[in-house]
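Structure first, then comments.
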Amino acid sequence: MPGAAAVLLAAGSGRRLSAGRPKALVPVGGRPLVHWSAALFASLPLFEEIVLVVPNGPEGSEVARAAGLGLRAAVVPGGARRRDSVRAGLAAVRRAEFVLVHDTARPLATAALVGRVLEAARGTGAAVPGIAVADALVRGVSGLVADEVSRDELFGVQTPQGFACEILRAAHEQAPHDWDAADDGALVRALGRPVALVAGEAENIKVTFPDDVARAEAILAARAAAPERRGEREAMTPRVGIGWDVHPLVAGRPFRLAGIEISAEFGPEGHSDGDPLAHAVADALLGAAALGDIGQLFPDTDPRCAGLPGSDLLRRTVLHLAEHGYRPAQVDAVLVVDAPKIAPHREAIGRALAEALGLPEDGVSVKGKRTEGLGGLAGGRGVACHAVATVTRSA
Ligand code: MG
């Protein structure tokens with residue numbers, strides 16, 4: 001299962017902000033507006049592809065620099081309407097099966113919201129976050145209240161919105177070309193497909209008018225102060241988790257570690273791809289954050305987990321951690337197996353593990369250990385992995 005893609009829209013002119021420069025460059029909390037959304041998606045390794053849609057013109061490269069994504073993002077020029085910009089971004093998505101489309105004018109979206117939208121999109125094919133309307137609503141005609149409107153079934157729609165790429169592509173191709181749809185959820189509904197409504201976030205505001213900048217900065221300041229409110233001790237104490245996994249080795253199964261395939265006579269049996277390194281490391285990470293174990297997150301009764309590659313399981317674990325305010329800091333693992341030899345593949349496995357976790361290469365360590373002629377694990381027909389991980393608060 002390939003990872004997901006994010007299309008980040010940063011092509012807006014910012015006319016209503018009267019800032020005299022593209023909206024994405026307007027400073028919010030000491031950073032360009034576009035920086036906040038770019039940093040959120042870049043911190044989630046599940047997003048293997050990020051496409052940044054910038055203003056079509058000389059300011060485009062300035063917006064791309066301000067996002068700070070470097071080679072992590074493909075940069076494409078946007079179109080005249082929002083819809084054209086999304087379509088341009090979608091065309092640059094290469095491999096992903098699912099895509100999240102996000103307006104970078106919403107700098108305060110959280111990993112928890114991203115996780116909810118992606119999960120619902122995987123289930124329904126399309127999902128948008130919505131916020132129940134708090135104010136009483138009326139229809140106004142010529143300066144007079146014409147009638148009251150019930151707010152019971154009304155929601156304000158936000159981004160990120162999530163879709164199966166195939167469905168969003170079809171929606172863009174088939175909708176009438178002159179329809180300037182408000183958002184992608186509307187295009188998918190016009191296709192006759194269901195769109196799931198998930199809980200949005202009150203703080204996920206859209207920066208449209210000059211006052212919105214001050215509101216966004218107040219929320220950012222409150223979030224920055226939050227770790228102190230929880231107590232510096234909690235914020236500073238490293239959290240450590242332990243994980244262990246074991247699989248029988250059978251003929252005819254590939255031997256994969258953190259997604260890297262090693263040539264071997266026998267491979268680990270399992271409902272997923274049986275990657276003992278990925279399983280032990282994911283359990284250590286979940287343990288460090290006290291978030292249960294992989295059996296709860298990826299039940300072997302869930303057909304969607306059948307054959308789940310270890311690298312994808314790790315990326316989804318990191319997203320789950322991020323939803324709860326943690327990120328991996330460091331991992332150490334020992335594989336106990338008599339054959340194949342681990343040493344020749346250590347670097348490749350370490351690199352793959354670091355990439356899946358969004359860590360630098362020196363953030364992970366992988367070692368192989370044989371059983372020194374003691375008969376081997378299950379007489380040589382088994383592989384086990386021990387892992388220790390630390391996590392930190394991601395705020
Ligand atoms: Mg396992």
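Every number for a ligand or one of its atoms is a count from 1 in the order of the listing.
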Check: Can the positive tip of Arg381 be found less than 6.0 Å from the middle of the six-membered ring of Phe266, inside 45° of the ring normal?
Finding: yes
Notebook entry, point to check: Yes or no on side chain to side chain donor-acceptor pair (under 3.5 Å) for Ser272 and His279, after CA distance, side-chain angles and deciding distance?
Noted result: CA-CA 10 Å; Ser272 63; His279 296 178; 3.2 Å; yes
Checklist line | Atom name in His279, limited to N/O/S, at shortest distance from the Mg ion (ligand 1) | finding: ND1
Next item on the list: Decide, counting backbone as well as side-chain atoms, whether Asp275 has an N, O or S atom less than 2.8 Å from the Mg ion (ligand 1).
Entry: no
Note to self: Whether the His247 and Asp275 side chains hold a donor-acceptor pair (N or O, under 3.5 Å, no angle test) is what I'd like checked.
What the structure shows: no
Note to self: Working to 10°, measure the angle at the Mg ion (ligand 1) formed by atom NE2 of His247 and atom OD1 of Asp245.
What the structure shows: 110°
Margin query: Angle between ring planes, His102 versus Phe41, binned at 30° and 60°: parallel, tilted or perpendicular?
Written below: tilted
